[in-house]
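Contents: one structure, followed by commentary.
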Amino acid sequence: MQFKDAAEIVTYVTGEARSKFYRNLYGLRPEDSPLHIQSKEEWSALPFLTKADLLAKSLAERSFIPLSEVDHLRVSSGTSGKGVLFSPRTHVREMDYRLHYHNFKNAFMAFTTPMMPHWHAMFQKEHGCLPRIIAYDPANPSASVQLAKAAGIDGMSVFIFHITAIGEEMKRFGCANKIRLLEVTGEMCTRAQFEYMRETFPHATIIQSYNSSEVEDAHIGMPCRPMTGDEPLAVYHQKKTHYLELVDPETGALVEPKSDAEGDLAITAYPGEPSAFPLVRFRIGDTVRVVEENCPHGLWSFTVLGRTELDFLKIPGGLLRADEIERALRTMPEDVSDRFEIHCPEKAGRNGPLLTPLLRVELRREIPLHELARRIAKLIRVSPEMTYADGVADGRYAELTCEAFHPTVSAKTKRIHRE
């Protein structure tokens with residue numbers, strides 16, 4: 001079924017076996033727990049969970065089933081700076097949407113974490129295909145691609161930050177044009193990365209999955225459509241086993257999912273039995289923007305703007321936002337790509353600390369960096385009424401400076417660095 005309101009999902013996340021979830025994580029007595037929620041108002045009064053709440057509990061306290069019955073564990077990347085979290089999982093379900101894009105009859109390449117080849121092999125087997133999975137080894141991209149070519153792969157699911165290394169090897173061995181499905185994950189796809197994939201894999205349908213280590217069945221949202229180069233690049237809608245809410249990151253109040261509304265995403269996820277760890281009102285930590293109130297799938301769709309605490313920085317008079325910097329860079333495609341990181345230290349000023357940002361950006365041609373910085377500062381809006389350059393003129397900020405950036409392909413990258 002498709003969960004459309006809180007009452008429906010509460011009906012499923014019930015039972016004595018799951019009451020420990022509320023006792024352990026919320027500290028609620030059984031008689032006060034959401035097992036007895038009768039209204040939307042009672043649901044809305046339930047506190048939100050965060051990663052810090054989960055980290056405070058042991059793996060055994062967060063498992064609804066004996067650990068011996070857990071199918072696999074997933075560990076988070078730790079890029080948020082809050083520590084790594086091990087999450088218990090049973091087998092991944094509700095993945096049939098991928099059959100709209102690919103038949104999975106041939107060998108398939110998946111990224112390296114132990115769970116992923118296992119996950120894709122199960123998916124192939126469940127749909128009547130011979131499970132043949134090539135695990136991509138980032139330490140040996142050439143050997144991985146040669147093995148994939150020999151196995152006859154025509155699809156792959158890999159981290160976005162590995163795609164350049166894979167693409168270059170596939171071009172070298174003449175198998176890039178064999179790829180019919182390219183599913184990327186790990187972080188937001190930039191315009192530059194999409195253009196590279198479109199050029200390198202001309203016959204591939206490109207989709208981006210939106211996953212979380214904390215969510216038992218991995219996916220937070222379903223791709224609403226393949227990536228076509230339109231803005232926004234990746235659009236998602238609610239998964240059948242999920243119930244999504246938008247939260248104002250400042251006040252904690254719920255935000256109505258109307259077109260262009262923005263908020264911190266909260267997820268309630270219950271994949272059905274067996275279930276190792278359903279989530280109830282868990283704030284993922286991502287800020288999203290509503291694209292359509294009623295997408296072709298009959299749900300509100302959204303795009304991911306970035307990490308709530310990593311891709312947004314409060315500054316005097318507004319916000320410095322990673323997606324706004326990205327938008328500005330995309331207006332000058334002959335000079336720069338939209339891959340960047342910005343370092344935001346402060347220095348002493350006449351009237352207090354001054355933000356002194358250094359924007360490290362990937363150059364596409366030689367250009368005076370001071371000239372580039374001035375152009376970008378005039379484009380970046382920190383509020384509806386003010387650009388960064390306006391703030392410099394008012395004495396609110398120090399001038400923006402630029403530096404050439406050579407992004408790595410081996411790991412997730414933070415885009416805004418607070419210093």
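Just so you know, these numbers use all the heavy atoms, side chains as well, and skip hydrogens, waters and symmetry mates. One is the number of the first residue; the rest follow in order along the sequence.
Without hydrogens or angle criteria, R180 side chain to N177 main chain gives a donor-acceptor distance under 3.5 Å. At least one donor-acceptor pair closer than 3.5 Å links the side chain of R198 to the backbone N or O of A204. Side chain of E362 to backbone of R339: no donor-acceptor contact under 3.5 angstrom is found. Without hydrogens or angle criteria, S209 side chain to N211 main chain gives no donor-acceptor distance under 3.5 Å. S301 places a side-chain N or O within donor-acceptor distance of the main-chain N or O of E292, the cut-off being under 3.5 Å. The backbone N or O of G229 lies less than 3.5 Å from a partner atom in the side chain of R191, making a donor-acceptor pair. At least one donor-acceptor pair under 3.5 Å links the side chain of T200 to the backbone N or O of Y196. Between the side chain of D248 and the backbone N or O of T251, at least one donor-acceptor pair lies under 3.5 Å.
Under the side-chain contact (heavy atoms from CB on, under 4.5 Å) test applied with Y210, the options T303, T185, L265 reduce to a single match, L265.
Heavy-atom contacts from other residues, nucleotides or ligands closer than 6.0 Å to CZ of F86 number 12 or fewer. At most 12 non-hydrogen atoms from other residues, nucleotides or ligands lie less than 6.0 angstrom from CD of E199. At most 12 heavy atoms of other shown residues, nucleotides or ligands fall within 6.0 angstrom of atom NZ in K178.
A salt bridge links R330 with D338; the closest basic N to acidic carboxylate O contact falls under 4.0 Å. Contact check on E169 versus R172 returns a salt bridge, with a Lys/Arg side-chain nitrogen under 4.0 Å from an Asp/Glu carboxylate oxygen. A salt bridge links R364 and E195; the closest N-O separation between the charged side-chain nitrogens and carboxylate oxygens is under 4.0 Å. Under the 4.0 Å criterion applied to side-chain N and carboxylate O atoms, R365 and D335 are assigned as salt-bridge partners.
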Applying side-chain contact (heavy atoms from CB on, under 4.5 Å), run through M332 and L379 and close with a yes or a no.
CA-CA 10 Å; M332 48 183 76; L379 290 169; 3.4 Å; yes

Trace of the side-chain contact (heavy atoms from CB on, under 4.5 Å) decision for S144 with I134
CA-CA 8 Å; S144 299; I134 306 299; 5.5 Å; no

Full working for side-chain contact (heavy atoms from CB on, under 4.5 Å) between N106 and R132
CA-CA 7 Å; N106 294 326; R132 291 182 294 156; 4.3 Å; yes

Begin from the C-alpha positions of F201 and M170 and carry the test side-chain contact (heavy atoms from CB on, under 4.5 Å) through to its verdict.
CA-CA 9 Å; F201 306 99; M170 285 194 166; 3.6 Å; yes

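H102 and F104 have perpendicular rings, their planes meeting at more than 60° on a 0 to 90° scale where under 30° would count as parallel. The aromatic rings of Y388 and Y397 sit parallel to each other, their planes meeting at less than 30°, with 60° as the upper class boundary. A tilted orientation is assigned to the rings of F123 and H127, their planes being inclined by 30° to 60°. Aromatic ring orientation, Y97 versus Y101: perpendicular (interplanar angle above 60°, classes split at 30° and 60°).
Within the 4.5 Å cutoff, the side chain of Q193 has no heavy atoms near those of the V184 side chain.
Q124 and I133 make their closest contact through OE1-CD1, 3.4 Å (heavy atoms, listed as atom of the first residue, atom of the second, distance). Listed here is the closest heavy atom pair of L299 and H237: CD1-CD2, 3.9 Å. The shortest non-hydrogen separation linking L358 to C402 is CD1-C, 4.0 Å. The minimum heavy-atom distance between A404 and L369, with the atom names listed, is N-CD1, 4.3 Å.
Judged by distance alone, the side chains of T164 and E168 never bring a donor and an acceptor atom under 3.5 Å apart.
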